[in-house]
Protein chains: 2
Amino acid sequence: MSNRVTIVDVAAKAGVAISSVSSALNNRPGVSEDTRRRIVEAARELGFVPSLRGRSLSAKRAFTVGLVVHRDPYVLESDPFFGSFIGGIETVLDPRGYALILQMGSEPVETLDRYRSLAANRRVDGVFISDLGVDDPRIALVQELGLPAVGVNADPGFPLAAVRQSHVEGIRELVEHLVGLGHTRFAHVTGPHEFIHAGQRQRAWSDALEAAGLPVGDIVEGDFTYEGGVAAADRLLAGRAPDERPTAVMCSNDLSAIGFLGRAGELGIRVPDDLSVAGFDGIELGSYVRPMLTTVATTPRLLGVEAARLLLETINGTAVVDIDIEPARLVVRSSTGPAPQPR
Amino acid sequence: MSNRVTIVDVAAKAGVAISSVSSALNNRPGVSEDTRRRIVEAARELGFVPSLRGRSLSAKRAFTVGLVVHRDPYVLESDPFFGSFIGGIETVLDPRGYALILQMGSEPVETLDRYRSLAANRRVDGVFISDLGVDDPRIALVQELGLPAVGVNADPGFPLAAVRQSHVEGIRELVEHLVGLGHTRFAHVTGPHEFIHAGQRQRAWSDALEAAGLPVGDIVEGDFTYEGGVAAADRLLAGRAPDERPTAVMCSNDLSAIGFLGRAGELGIRVPDDLSVAGFDGIELGSYVRPMLTTVATTPRLLGVEAARLLLETINGTAVVDIDIEPARLVVRSSTGPAPQPR
DNA sequence: TAATTTCACCGAAACGTTTCGGTAACAAAC
DNA sequence: GTTTGTTACCGAAACGTTTCGGTGAAATTA
């Protein structure tokens, strides 16, 4: 455990004051090109790495940002979002010397406490707020705490900086795709109504159908899980005559769509011959199940990249505007097809 | 942005020296019960929270530990392990004032760099090493860096502290279960050979079969993905006569077992009537697919709990021994059944 | 040559803790 | 009544940076 080399060592070796070392290494003016070179060389030879702790205390910064996910582990497990989202965040954070602290709160109350304690001891300089809920209490909390934050896929009118990926284009494309295939009886399986993105997707679906002059059809509440898709299939399909069933169903995420597909198969309903099913997300699994799942593909990694960029700017106090990334797009695979011919 | 209340404010308010405040608040001796109360009261009234940065600099600690995940995002997405593992880690870290920094490196080289930079600026006090590879370079690296570390599911002889969950009991149970059902032709779909746990599972499988006096059968290499399960099913089942096929297959994780199941169905092979399939992990999805997947269930959350406890002890220099948690156990569901009768 | 500006460089303070040696005050022992 | 011991408390240093005011010397101007 050889003792760490500090700025004092570098100063000694280069024969200058430590303030000069600091200036030189941070590219500040006031140090001649000649001594700057000498200092840089000394630092290199000694293998000097500025101590994060010293910088942190002096700069009143943690050089860390936080992400608190408030989902129960199972949903997290099977959700494509966070892996890629975090990966995207990393690519921005790392080059700028920032790191990500991840916390998990299964209970909403617990989540708030996590934010509170992150702020109390200034462990992070800012936080991401994902999985926004309706009237999400975290918004007021970060405002009260004066904690820089960016929201992910927030509704319009969100009072903090936000990064968004629009779902309306993709869902409209999906509806047009289905309408073009001759479907007229639709259904939608939502996510839990406490999440705003569940409502966002449902609204986009309904709007697109209305715009096409077609009836919106059944709306049943799901829960974003495989199991929820199975249950929704039971509600919408079991015990109904073929001409009373919807012929095209959108589930609000891929995992529940896959569950829906599975249950439909068990009920003897052929996809896509008797029924078209689509999801939302674009998880890899969807391209491996049979039939392959038609879906609206999002790009969580890109969302993470922009969210991180935005958060760092917010922390630096740079004037920032919300960021909209390219909309989610329809990906047609084999779980959707022509509407069955009535006979 | 009201200025933060520091230990100086507390000292002033209580009319004592700051060193006394520090002693009082950290329950060190040398301060009378009377003034201790006065100090605690003053701290409470002012809402004093000790600055992590100050403590960090003084104590030469980051109060943070690191986890570097070196998987590509997709595997991470669908892997049950990390969500629960991290959840377990959190429950130990949080009460002790520690936090978790999560980093992702898709390339192995990149991963090493992450560890290096975490250590260079002392961002963490210790790290987890999961997904151990054969001759994993991270072992030498943390030793060279003097970075406290604990390995997760390491092989015997691992030179650092380690926490392990044995898979041999569960896999032996699985083999006994299958043998009891009359199976005699087996096959195993491994994980990528560069991961030690792939080898561990395969060895447990082979050993149990040999112990039962039965032929080990085919071993094909998979990759822990759904897709890999599909491919393995093609290799093992497609174009083979029923009496040349294995009748019982273990895939080395659930996701690939589910892929295997799906492909078997497409090939017209009924599970469990014609073929028994089992997985390993115990992910929730396995209990939703039909047939429900028989598996050997691990407890990643518990593994996270113990790994975190062990890491903190290692950091504190407390004498530590490796921890073995309860073995993974067989969970029989409906994807395994009696061996088909030859006729 | 004297006054002024510019510039490289330095020393010290500040960030907020913990720790350690020291010092009064007072009690117990000889 | 001096010694010894104990206790409560204090001041200052240390952790490793950045920043800011200051100083001397060289360069510019008058």
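Labels below follow one simple rule: chain letters A, B, ... track the order of the sequence lines, proteins then strands, and each chain is numbered from 1.
Between B/E110 and B/R114, at least one side-chain nitrogen of the basic residue sits less than 4.0 Å from a carboxylate oxygen of the acidic one, meeting the salt-bridge criterion. A salt bridge between B/R38 and B/E41 is absent, with no side-chain N of the basic residue lying under 4.0 Å from a carboxylate O of the acidic one.
Checking D/dT18, C/dT18, C/dC15 against every side-chain atom of A/L57, the shortest atom distance belongs to C/dC15. The side chain of A/R55 lies closest to D/dT18, out of C/dC9, C/dG16, D/dT18. Checking D/dT17, D/dT18, C/dT18 against the side-chain heavy atoms of A/T6 singles out D/dT17 as nearest. Side-chain atoms of B/S51 lie closest to C/dT17 of the nucleotides D/dT19, D/dC15, C/dT17.
In this pair, A/F81 and A/F85 present their aromatic rings parallel. The plane angle is below 30°, not in the 30 to 60° band.
Separation of atoms CG (B/L57) and CZ (A/R53) is listed at 8.0 Å; rounding is to 0.5 Å.
Taking atom NZ of A/K60 as the reference point, atom P of D/dT19 lies 12 Å away to the nearest angstrom. Summarising the geometry, the separation between CZ on B/R36 and P on D/dT7 is reported as 14 Å, rounded to the nearest angstrom. One interatomic measurement links the two molecules: CG of B/D9 to P of C/dC15, which rounds to 11 Å at whole-angstrom precision. One interatomic measurement links the two molecules: CZ of A/F48 to P of D/dG16, which rounds to 10 Å at whole-angstrom precision. Residue A/R37 contributes atom CZ, which lies 14 Å from atom P of C/dA8 at whole-angstrom precision. Look at CD1 on B/I18: it is 9 Å from C1' on D/dG11, rounded to the nearest Å. Regarding A/R4, its CZ atom lies at a distance of 11 Å from the C1' atom of D/dT17, rounded to whole Å. Rounded to whole Å, atom P of D/dT19 lies 13 Å from atom CG of A/N27.
In this structure, A/R55 satisfies the cation-pi test against A/F63, with its NZ or CZ atom closer than 6.0 Å to the six-membered ring centre and inside 45 degrees of the ring normal.
Residue contacts for B/V16: at a heavy-atom cut-off of 4.0 Å it reaches the sugar-phosphate backbone alone, with no base atom in range. Nucleic acid contact for B/V10: none, since no nucleic acid atom lies under 4.0 Å from a heavy atom of the residue. Among the protein residues, A/V49 comes within range of the sugar-phosphate backbone only, with heavy atoms under 4.0 Å from sugar or phosphate atoms but none that close to a base. Residue B/R53 is classed as having no contact, given no heavy-atom separation below 4.0 Å to the nucleic acid.
DNA chain D is contacted by both B/G30 and A/V5; B/G30 maps to the nucleotide lying nearer its 5′ end (nearest heavy atom per residue). In terms of position along DNA chain D, the nucleotide closest to B/E33 lies nearer the 5' end than the nucleotide closest to the other residue of the pair B/E33 and B/A59.
Phosphate proximity of D/dC9 to B/S32: present, with a side-chain N or O under 4.0 Å from OP1 or OP2. The phosphate of D/dC9 (OP1 or OP2) has a side-chain N or O of B/T35 nearer than 4.0 angstrom. Proximity of A/S19 to the phosphate of C/dC10: no side-chain N or O atom is located under 4.0 Å from OP1 or OP2. Note on B/S20: a side-chain N or O is less than 4.0 Å away from OP1 or OP2 of D/dC10. Residue A/R28 has a polar side-chain atom (N or O) positioned under 4.0 Å from OP1 or OP2 of D/dT19.
Within a 6.0 Å sphere centred on CG of B/N26, heavy atoms belonging to other residues, nucleotides or ligands number more than 12.
Side-chain atoms of B/S58 and base atoms of C/dG16 include no donor and acceptor less than 3.5 Å apart.
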